[in-house]
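Please read the structure below before turning to the comments.
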Number of protein chains: 2
Amino acid sequence: MNNKTQLLAAEMDKEEQLPDDCMKNLSVDNLIYAMDQGKLKVLLAKYKHGIAANKWGLIGHWVKLDENLETAAYRVVTQATGVTNFHLDQLATFGKVNRYPLRRIITVVYYSLVRLEETNIIHGENTHEVAWFDVKALPELIFDHDEIVQASLEHLKYKVRHEPIGFSLLPEKFTLLQLQEIYEAILDIKLDKPNFRRKIQKMNLLINCKEKQKDVAHRAATLYRFDINVYEKLKDFGFNFEY
Amino acid sequence: MNNKTQLLAAEMDKEEQLPDDCMKNLSVDNLIYAMDQGKLKVLLAKYKHGIAANKWGLIGHWVKLDENLETAAYRVVTQATGVTNFHLDQLATFGKVNRYPLRRIITVVYYSLVRLEETNIIHGENTHEVAWFDVKALPELIFDHDEIVQASLEHLKYKVRHEPIGFSLLPEKFTLLQLQEIYEAILDIKLDKPNFRRKIQKMNLLINCKEKQKDVAHRAATLYRFDINVYEKLKDFGFNFEY
DNA sequence: ACAAAAGTGTTCTCAATACACCCATGG
DNA sequence: CCATGGGTGTATTGAGAACACTTTTGT
């Protein structure tokens with residue numbers, strides 16, 4: 001064993017804390033999104049150990065031997081955010097030979113949409129810090145995580161136009177402007193307010209709560225909630241939100 | 001070692017022929033699609049060994065230690081079809097704990113679109129037979145492959161409406177009816193011919209070859225080819241093919 | 001002549017767009 | 001009274017759907 005190999009082995013020890021009950025070459029990584037005052041944010045962690053030390057990266061973990069991929073992703077999101085009920089979908093799998101410098105790791109990437117007010121961020125023992133970042137102002141990321149984030153943002157654009165996923169980012173009762181801001185943040189465009197309202201209302205996805213906002217420095221907006229039944233019907237028929 | 005374990009071990013020997021230079025818990029599977037006389041077909045293999053013996057399944061293989069996932073998928077498709085230039089995209093990754101009965105295997109699934117007339121089907125040493133199947137009349141499939149096929153057909157519907165992938169299934173010069181048949185086969189609907197023509201022509205994706213079909217028992221149709229330059233522009237602007 | 005597919009024309013409806021305008025509330 | 005966002009009205013444009021119709025070619 002030469003010096004370089006020893007160094008690598010030392011790094012790997014520090015890095016991994018890879019438990020025995022996990023698969024050796026497989027991880028899940030999560031893109032956890034939330035809306036915060038009209039901005040789309042993603043949750044990142046600053047790691048303690050190994051080659052990723054003191055750098056920001058996605059929130060991920062190993063997959064247990066007897067654990068489904070989606071279960072692993074769910075576990076990681078819940079552990080980091082405290083949220084138990086959220087939208088979770090597979091994005092894609094990244095497996096370039098050298099994406100992780102020390103050995104071959106394939107990562108299955110999931111993305112989730114959470115409601116900011118339901119979160120209670122906990123940083124695990126492997127991380128110094130866990131924080132929300134505006135997707136338009138991301139720090140430098142470890143490994144291929146920047147590529148992954150960009151791919152997921154593209155995918156979100158695609159998705160938001162064909163499924164009403166926006167509702168997964170809002171509290172139960174929300175205003176039309178809040179909903180509009182989601183589309184604007186994800187698609188990175190400005191929308192016409194009157195047209196947006198009419199369009200979204202015509203879809204019959206919204207139920208008027210017959211309540212108004214409180215304590216706002218302008219005319220109080222009507223609160224709406226999402227009609228899950230109509231959504232289920234729409235899924236079969238197709239849904240479209242092109243601009 | 002008890003009897004059952006011995007049996008399993010014997011099965012595994014027969015099953016695998018897992019080479020030393022491959023990852024142990026990872027495979028790629030491929031959905032290879034082509035159009036044949038207005039029908040959408042998918043390529044399947046009938047395996048020789050192990051628990052999949054004499055059953056139909058997707059065309060897959062192990063991923064080499066020093067091979068990217070996409071490279072592995074490309075290799076498998078080329079090996080089975082002889083085609084070297086085709087549309088290849090990742091679909092998703094399937095990794096339920098018991099999807100493969102003998103041990104944990106995660107499979108990264110790709111789909112490819114090939115031109116039937118460019119194919120020269122070769123069946124490898126692990127398969128008795130490789131054949132095209134109409135997606136509307138599939139045989140029983142091994143493991144979770146039916147779930148995978150259904151997911152990919154859903155994804156194709158989604159995809160064909162937002163990217164002009166149809167062209168990847170056609171010869172260089174094709175008629176408008178051939179193109180229409182692709183949309184009809186993938187979306188599983190009937191389209192109005194006059195409206196289809198106008199719509200597709202307005203997109204400026206087609207170049208008139210100023211040639212006609214030969215030897216057809218009806219009025220010869222104009223041949224068109226695909227304008228790749230316009231497509232590249234459209235990708236940025238967005239593309240839509242809703243019906 | 002007939003089958004089969006190519007290809008054109010026309011009408012109707014409705015969604016998308018642009019933008020002017022009024023309303024309610026707190027500071 | 002003004003800033004801020006809520007909310008309505010309306011005219012124009014163009015795409016999509018339905019369908020009647022003519023053209024070309026081989027058998």
Side-chain angles (χ1 to χ4, degrees), chain A residues 35-39 160-162 164 170-171 173-185 187 189-225 234 237-243, chain B residues 35 37-39 160-162 164 170-171 173-185 187-225 234 237-243:
Chain A
M35 284 298 291
D36 185 10
Q37 300 176 109
K39 307 265 190 202
V160 81
R161 281 185 276 166
H162 301 97
L170 290 174
K173 297 173 182 183
F174 52 84
T175 69
L176 294 180
L177 184 62
Q178 282 178 294
L179 187 56
Q180 182 175 343
E181 284 170 343
I182 290 177
Y183 283 88
E184 293 183 334
L187 297 173
I189 51 173
K190 193 88 195 93
L191 298 174
D192 181 83
K193 186 174 47 159
N195 293 338
F196 178 85
R197 311 177 113 260
R198 266 188 293 265
K199 178 158 186 163
I200 205 81
Q201 303 228 48
K202 228 180 330 195
M203 289 180 183
N204 285 316
L205 282 165
L206 297 185
I207 297 172
N208 188 326
C209 296
K210 318 224 164 171
E211 277 180 70
K212 298 274 176 186
Q213 274 180 313
K214 298 241 158 72
D215 306 316
V216 286
H218 52 75
R219 174 172 173 181
T222 304
L223 293 173
Y224 291 87
R225 58 193 175 81
L234 270 185
F237 266 91
F239 174 91
N240 212 293
F241 208 99
E242 296 294 340
Y243 277 99
Chain B
M35 284 297 293
Q37 300 175 110
K39 307 264 190 200
V160 81
R161 281 184 277 167
H162 301 96
L170 291 174
K173 297 174 182 180
F174 52 84
T175 69
L176 293 180
L177 184 62
Q178 282 179 294
L179 186 57
Q180 181 176 343
E181 283 170 343
I182 289 176
Y183 283 88
E184 293 184 333
L187 298 172
D188 198 19
I189 50 173
K190 193 87 194 94
L191 299 174
D192 180 84
K193 185 172 51 157
N195 293 337
F196 178 85
R197 312 177 111 259
R198 266 188 294 264
K199 178 157 186 166
I200 206 82
Q201 303 228 49
K202 229 182 325 198
M203 290 180 181
N204 284 318
L205 282 166
L206 298 184
I207 298 172
N208 187 326
C209 294
K210 318 228 162 167
E211 278 180 69
K212 297 276 177 184
Q213 275 181 311
K214 297 244 159 71
D215 304 316
V216 285
H218 53 76
R219 176 172 174 182
T222 304
L223 294 172
Y224 290 87
R225 59 197 175 78
L234 270 184
F237 265 91
F239 175 90
N240 211 292
F241 207 99
E242 296 294 339
Y243 277 100

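Just so we're clear, the structure is a prediction, and the values are computed from it rather than from any experiment. So you know, we letter chains A, B, ... as the sequences are listed, proteins then strands, and number each from 1.
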When you check the phosphate oxygens OP1 and OP2 of dG16(D), does a side-chain N or O of Lys199(B) lie under 4.0 Å from one of them?
-> yes
dG7(C) phosphate, OP1 or OP2, under 4.0 Å from Thr222(B) side-chain N/O |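 It does, given that an N or O in the side chain of Thr222(B) lies less than 4.0 Å from OP1 or OP2 of dG7(C).
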Side chains of Gln201(B) and Leu176(B) in contact at under 4.5 Å (non-hydrogen atoms) =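 With C-beta onward as the side chain, the pair touches.
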Write down the distance between [atom1] ([X]) and [atom2] ([N]), rounded to a whole number of angstrom.
X         : N       : atom1 : atom2 : answer
Gln37(A)  : dT4(D)  : CD    : P     : 16 Å
Phe196(A) : dG9(D)  : CZ    : C1'   : 19 Å
Ile189(B) : dG16(D) : CD1   : C1'   : 13 Å
Lys212(A) : dC23(C) : NZ    : C1'   : 11 Å
Arg197(A) : dC21(C) : CZ    : P     : 19 Å
Gln180(B) : dA17(D) : CD    : C1'   : 14 Å
Gln178(B) : dA5(C)  : CD    : P     : 13 Å
Lys193(A) : dT4(D)  : NZ    : P     : 13 Å

Quick one: CZ on Phe196(B) to CD on Glu181(B), what's the gap to the nearest 0.5 Å?
->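 If I round to the nearest 0.5 Å, the distance is 10.0 Å.
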Taking only residues two or more places apart in sequence or in another chain, which ones pass ring pair (Phe, Tyr, Trp, His ring centres under 6.0 Å) with Phe174(B)?
-> Phe167(B)
For residues 205-212 of chain B, run the donor-acceptor check on the side chains, cut-off 3.5 Å, and write out each pair with its distance to 0.1 Å, sequence neighbours left out.
residue: Asn208(B); atom: OD1; partner: Lys210(B); partner atom: N; Å: 2.6
residue: Glu211(B); atom: OE2; partner: Lys173(B); partner atom: NZ; Å: 2.5
residue: Lys212(B); atom: NZ; partner: Thr222(B); partner atom: OG1; Å: 3.2

Letter per nucleotide, 5' to 3', of nucleotides 19-27 of chain D [B base touched, S only sugar-phosphate touched, - untouched; heavy atoms, 4.0 Å] | BB--BBBS-
Please name all residues satisfying side-chain contact (heavy atoms from CB on, under 4.5 Å) with Arg198(A), sequence neighbours left out, ordered by chain then number.
-> Pro194(A), Asn195(A)
Mind checking Leu177(B) for me? I need base, sugar-phosphate or nothing, with any heavy atom below 4.0 Å counting as a touch.
-> sugar-phosphate
Quick one: side chain to side chain donor-acceptor pair (under 3.5 Å) partners of Lys193(A), sequence neighbours excluded?
-> none
Residues two or more places apart in sequence or in another chain: which of them pass salt bridge (charged side-chain N to carboxylate O under 4.0 Å, His left out) with Glu184(A)?
-> Lys190(A)
